[in-house]
Amino acid sequence: MAISFKRYIDITSGVGGGAGVRVRDLILRLFTTNEKVPAATVVEMDTLTDVASYFGTASAEYLRAVFYFGFISKNITAARKISFSRWANAQTSAKIFGKTGAAPLASLTPITTGSFKLTLGAYTQDVTGIDLSGAASMAAVATAIDAKISAVVAGGAAWTGVAVTYDAPSNSFNLTSGAAGVGAVNVQAAATGVPLASLLGWGVGAVFSPGVEDEEPVDSFIDSVEASNNFGTFAFIPTLTQDQITAVAAQNDSYNVMFHYTIGFDVDTEAATLYAALAGYSGVSWTYAPIATEYPELLPAAILAATDYAKRNSTQNYMFQQATLSPSVSTNNGADVFDDNRANYYGRTQTAGQFIDFYQRGVMGGLATDPVDMNVYANEMWLKDAAGAQLMSLLLSLAKVSANTQGRAQLLAVLQSVIETALFNGTISLGKPLTIIQKLYIGNMTGDDNAWQQVFRLGYWLDIQVSSYVTTDGRTEWKATYILIYSKDDAIRKVEGSHVLI
């Protein structure tokens, strides 16, 4: 025995500065009515194969994912992830979608005392004594399980009206509760009997979709954001009414340059209708999509998801982008109508007998104070998120950020790192001409009439002020307020020239 060394030397080890905050993946989120996506949850997938396995190759989700993942940017990058969320457009029952690849019949028929604990709605009970010895097929297995569940009258209509079926193509067992509306669904091991859940595919890998009441699209959008804001663009697969579209656009506008809502319309006269309804909302775009099997409205989503902001000069102009799409506008008159109504389209021009098709014009709704170019909006989405993540990492990593010059310097250092990345990837533009109004505005915002020169030369102006404020309960707290003024990266959409021959 010996006296503990820690009485004299006691060293604690740990990693400092390791509290990191994740930056959002600016990927596409598709809202679907497919019940395989549980309500108020988000399903993320990394590959097209994942989408095919989950939804099937004939599904609306897969067909859109084919286009989305298939786009290759001019920087030779592509989307690496997609997410799905549910719009419950109708009241539905609770469901279990069993994992593909249930146990073979030969593994099930020896079971005479199968069991599992089942929750349907507000009622939970052990379902025991399931005898599969007489089942001559997988469908008969489903029938035997159905009968045992339906016999639990204490569970009410959700139990007595249950339907258990076998899906041969996917080799899976599915369950639908007997009563529609809000209701939980879950399967666990029972206290006694031979566990059946994993054999049926009702364990890991199964989809448990609770019963829900119908809701408006805007409610599903809000719920989805609350569940996970890890996306950049979003679209609804079902066709929405004008009122529903406007409600979603208004909610998205309130998030202030956080998400891009992309809409497709298939009748050319809708361009004016959408412009009249949505022109005042930022973060929304509408694209002419007259061909049911093509999805040009998802091209902005594919472009953003394929933008790697960690690389040099990675920001992109959303106009002049080409994809596997059919041109929908090929006349000056048609282009004029859409351009006047801020409608985007896949257009065709021609030179030397060669047809050239590309996306036009990469614009969005919004007022004079809103970014209305898709590329500028996308870049600000990234910049806000990157700055927020870095600032939160600082607050989590340091013991404290003092309300003094030291704390101000720490905040400036963190923001400077984000600005350097923004200069590297092209979000901040150097040497962009400034109008007299812009120069005066910069002077008014900064209190320095010459601050515009820094914005012109360096691309940005940054300042942080530390101040106190009084909370609603009478306490004094401190905050840091920063202002970043930067030259947005405007993209050239037209080139004009004069050839003077002497």
Side-chain angles (χ1 to χ4, degrees), residues 33-39 41 43 53-56 59 86 88 90-213:
T33 57
N34 194 320
E35 294 175 46
K36 289 198 75 173
V37 180
T41 64
V43 177
S53 298
Y54 196 88
F55 293 106
S59 66
R86 171 91 169 278
Q91 186 184 61
T92 59
S93 302
K95 288 182 171 61
I96 299 174
F97 297 94
K99 178 184 178 181
T100 298
L105 184 63
S107 298
L108 296 172
T109 51
I111 298 173
T112 58
T113 58
S115 67
F116 49 78
K117 183 190 293 289
L118 177 64
T119 297
L120 284 180
Y123 192 74
T124 300
Q125 180 169 312
D126 286 354
V127 180
T128 60
I130 301 174
D131 185 356
L132 302 179
S133 60
S137 66
M138 297 292 264
V141 170
T143 300
I145 296 170
D146 187 315
K148 275 292 185 180
I149 297 173
S150 299
V152 183
V153 295
W159 286 70
T160 57
V162 76
V164 178
T165 58
Y166 174 69
D167 182 8
S170 64
N171 185 26
S172 62
F173 290 96
N174 301 327
L175 178 150
T176 302
S177 70
V182 177
V185 58
N186 191 27
V187 175
Q188 296 175 301
T192 61
V194 178
L196 272 181
S198 61
L199 296 173
L200 298 175
W202 289 1
V204 176
V207 177
F208 297 91
S209 185
V212 294
E213 300 288 350

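In this text, all values refer to a predicted model and were calculated from it rather than measured experimentally.
Closest approach of Leu108 and Ala103 over heavy atoms only: CD1-O, 3.8 Å. When every heavy atom of Ala206 is checked against every heavy atom of Gly201, the shortest pair comes out as CB-O, 3.2 Å.
Applying the side chain to side chain contact (heavy atoms under 4.5 Å, CB included) criterion to Val182, with sequence neighbours excluded, gives Glu213. Take Lys148 and apply the salt bridge (Lys or Arg N to Asp or Glu O under 4.0 Å) test, not counting sequence neighbours, and it matches no residue.
Checking each of Phe116, Phe208, Phe97 against Trp202 for a ring pair (Phe, Tyr, Trp, His ring centres under 6.0 Å) leaves exactly one that passes, namely Phe116.
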Side chain to side chain donor-acceptor pair (under 3.5 Å) evaluation trace for Thr119 with Thr124: CA-CA 4 Å; Thr119 297; Thr124 300; 2.7 Å; yes

Starting from the C-alpha separation in whole Å, work towards a yes-or-no answer on side chain to side chain contact (heavy atoms under 4.5 Å, CB included) for Leu199 and Ile111. CA-CA 11 Å; Leu199 296 173; Ile111 298 173; 3.5 Å; yes

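Residue pairs that meet the salt bridge (charged side-chain N to carboxylate O under 4.0 Å, His left out) test with at least one member in residues 95-104, sequence neighbours left out, are Glu35-Lys95. Counting only residues at least two apart or on different chains, no salt bridge (charged side-chain N to carboxylate O under 4.0 Å, His left out) pair has a member in residues 186-205. For residues 112-125, the set of pairs meeting the salt bridge (charged side-chain N to carboxylate O under 4.0 Å, His left out) definition, not counting sequence neighbours, comprises Lys117-Asp126.
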Show me, pair by pair, the donor-acceptor contacts under 3.5 angstrom made by side chains of residues 151-162, not counting sequence neighbours?
from: Trp159; atom 1: NE1; to: Leu120; atom 2: O; distance (Å): 3.3
from: Thr160; atom 1: OG1; to: Gly156; atom 2: O; distance (Å): 3.3

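The aromatic rings of Tyr166 and Phe173 sit tilted, their planes meeting at an angle between 30° and 60°.
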